[in-house]
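For clarity, every value in this text was computed on a predicted model and none was experimentally measured. We number each residue from 1, following the sequence as shown. Only this structure's heavy atoms are used, side chains among them; waters, hydrogens and symmetry mates stay out.
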Amino acid sequence: MISGVTVAVNYQATAKAHNLTTQAQLITRYNSAVEQLGSASPASRTGAVYALGRLALDSPYDRTVIVELLNNYVLSSIGPRAIGYEACAKAHPPPVEINAALKVLLNTLQPKRMSGDKPLDLSGSCLVEVELPGADLRCVIFDNVITHGASFERANFTGANMQQAELMESSFDGANFTQADLTEAKFGVSGDIASSEMARTVFREADLTKAELVEVDLSDADFTLAVLNGTNLSKSKFAGAIMATHLDKAVNLPPNIDRSVALPAPLPPSASSPSAPECRE
């Protein structure tokens, strides 16, 4: 019996020592990565970003802090600026370490998102030539974001807040905007600015009130239960699109869209704020 108790005590002491050693290693890794973020070397800063992403996966306890740190790091470089589309389009693409931070946040850590997590905040960002195909942008705050030459094919914007975003001259083919708030967002032509590519996009229960979808290819898009109150659809293409939604207040409908057929579909229960359940804190 005494021998058994001794073994148990020794095991507990060993486990405690191991946990303390592991925690010390995590702290050392975190401090080293944060220090490297301030390096003059782009390669060192990029390495620090990936090191923090790896640490967030290894230590769920530190994930929230690391996500907030990288979110603020991105905003310090590319937003919030509210500089207008023309100025954003002329801006340089984000430096390599900011691209890395976006990929770590949206491709590595966001898929681990849990209900109740604080949403990422990219509001007011200027995203020039960023490559984020398949990115996870669920619940992200994307208000007033400006894109130019960006790639968001197959990206998941479910429940995202995207009010007054100017998402121009970018690719959103196959993107999912289910329950996103796209009030007054712009995807279409404005002056000399070209439309975004948006074939096969999903807008189920999305709020597109007063949005601009001008000269946009929306072939095979799904607008089931979307809110198109005052949405401008001038010269857009809807070949194969699912339009089971209200269109009574939409403007400039193409002649091939039958307004009377679309009317019977009911509005979603909370059209003014179509937040996905997973986005509610």
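Heavy-atom minimum distance, Ser123 versus Val145: CA-CG2, 4.2 Å. Considering all non-hydrogen atoms of both residues, Pro95 and Ser77 come closest at CD-OG, 3.7 Å. The shortest non-hydrogen separation linking Cys88 to Val128 is O-CG2, 3.1 Å. Ser196 approaches Glu169 most closely through the heavy-atom pair OG-N, 3.3 Å. Nearest approach of Ala101 to Val74, heavy atoms of both residues: CB-CG2, 3.6 Å. Counting all heavy atoms, side chain and backbone alike, Ala206 lies closest to Phe177 at CB-O, 3.4 Å.
Annotation: salt bridge (Lys or Arg N to Asp or Glu O under 4.0 Å) contacts involving residues 149-161, sequence neighbours excluded, are absent. Among pairs with a residue in residues 120-130, none fulfils salt bridge (Lys or Arg N to Asp or Glu O under 4.0 Å), at least two apart in sequence or across chains. Each salt bridge (Lys or Arg N to Asp or Glu O under 4.0 Å) pair with one or both residues in residues 217-226, not counting sequence neighbours, appears once here: Arg204-Asp222.
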Only pairs under 3.5 Å count here: list side-chain donor-acceptor contacts from residues 235-244, not counting sequence neighbours, and write none if there are none.
{"from": "Ser236", "atom 1": "OG", "to": "Leu213", "atom 2": "O", "distance (Å)": "2.4"}
{"from": "Ser236", "atom 1": "OG", "to": "Glu215", "atom 2": "N", "distance (Å)": "3.3"}
{"from": "Ser236", "atom 1": "OG", "to": "Val216", "atom 2": "N", "distance (Å)": "3.1"}

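Taking the side chain to side chain donor-acceptor pair (under 3.5 Å) definition, one finds that Asp58 meets it with Arg29, Arg54, sequence neighbours left out. Tyr30 is linked by a side chain to side chain donor-acceptor pair (under 3.5 Å) to nothing, counting only residues two or more places apart in sequence or in another chain. The side-chain contact (heavy atoms from CB on, under 4.5 Å) search around Asn232 returns Glu212, Val214, Ser234, Val251, Asn252, not counting sequence neighbours. By the side chain to side chain donor-acceptor pair (under 3.5 Å) test, Gln110 is found to be paired with no residue, residues two or more places apart in sequence or in another chain being considered. With sequence neighbours left out, the salt bridge (charged side-chain N to carboxylate O under 4.0 Å, His left out) criterion links Glu97 to Arg45. Taking the side-chain contact (heavy atoms from CB on, under 4.5 Å) definition, one finds that Lys103 meets it with Asn107, Leu132, sequence neighbours left out. With sequence neighbours excluded, the residues satisfying side chain to side chain donor-acceptor pair (under 3.5 Å) with Ser170 are Thr147. Scored by the salt bridge (charged side-chain N to carboxylate O under 4.0 Å, His left out) test, Asp136 finds Arg138 as partners (sequence neighbours excluded).
Both Leu109 and Leu137 are members of a single hydrophobic cluster when ILVMFWY side chains are connected at heavy-atom separations under 4.5 Å. In the hydrophobic cluster analysis, where Ile, Leu, Val, Met, Phe, Trp and Tyr join through side-chain heavy atoms closer than 4.5 angstrom, Ile141 is grouped apart from Leu122. Residues Val96 and Tyr73 are members of separate hydrophobic clusters, defined by side-chain heavy-atom contacts under 4.5 angstrom among Ile, Leu, Val, Met, Phe, Trp and Tyr. Under a hydrophobic-cluster definition in which Ile, Leu, Val, Met, Phe, Trp and Tyr are linked whenever side-chain heavy atoms come within less than 4.5 Å, directly or via other members, Val202 and Phe172 are assigned to different clusters.
Thr231 places a side-chain N or O within 3.5 Å of a backbone atom of Leu208 that can act as its donor or acceptor partner. A donor-acceptor pair is defined here as one N or O able to donate and one able to accept, closer than 3.5 Å; such a pair exists between the side chain of Asn72 and the backbone of Glu68. Distance alone, capped at 3.5 Å, places no donor-acceptor pair between the Ser125 side chain and the Leu127 backbone. With Asp173 contributing its side chain and Met198 its backbone, the two residues share a donor-acceptor pair below 3.5 Å.
With rounding to the nearest 0.5 angstrom, the CG atom of Leu167 is 12.0 Å from the OG atom of Ser195. Taken to the nearest 0.5 Å, the OG1 atom of Thr64 stands 12.5 Å off from the CG atom of Leu69. Here the OH-CG distance, from Tyr61 to Leu55, works out to 12.5 Å after rounding to the nearest 0.5 Å. Here Thr46 contributes atom OG1 and Leu37 contributes atom CG; the two are 9.5 Å apart, rounded to the nearest 0.5 Å. In this structure, SG in Cys279 is found 10.5 Å from CG in Asp117, a value given to the nearest 0.5 Å. Put simply, CG on Asn144 and CG on Asn161 are 11.0 Å apart, with the number rounded to the nearest 0.5 Å.
Residues Gln163 and Asp181 have side chains that bring a donor and an acceptor to within less than 3.5 angstrom of each other.
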Handout entry: Pair Leu57-Lys112, side chain to side chain contact (heavy atoms under 4.5 Å, CB included): steps then yes or no
Key = CA-CA 9 Å; Leu57 294 178; Lys112 304 289 184 180; 4.1 Å; yes

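Using cut-offs of 30° and 60° for the angle between ring planes, the Phe152 and Phe157 rings count as tilted.
Side-chain contact between Val130 and Ile98: absent, with no pair of heavy atoms (C-beta onward) separated by less than 4.5 Å.
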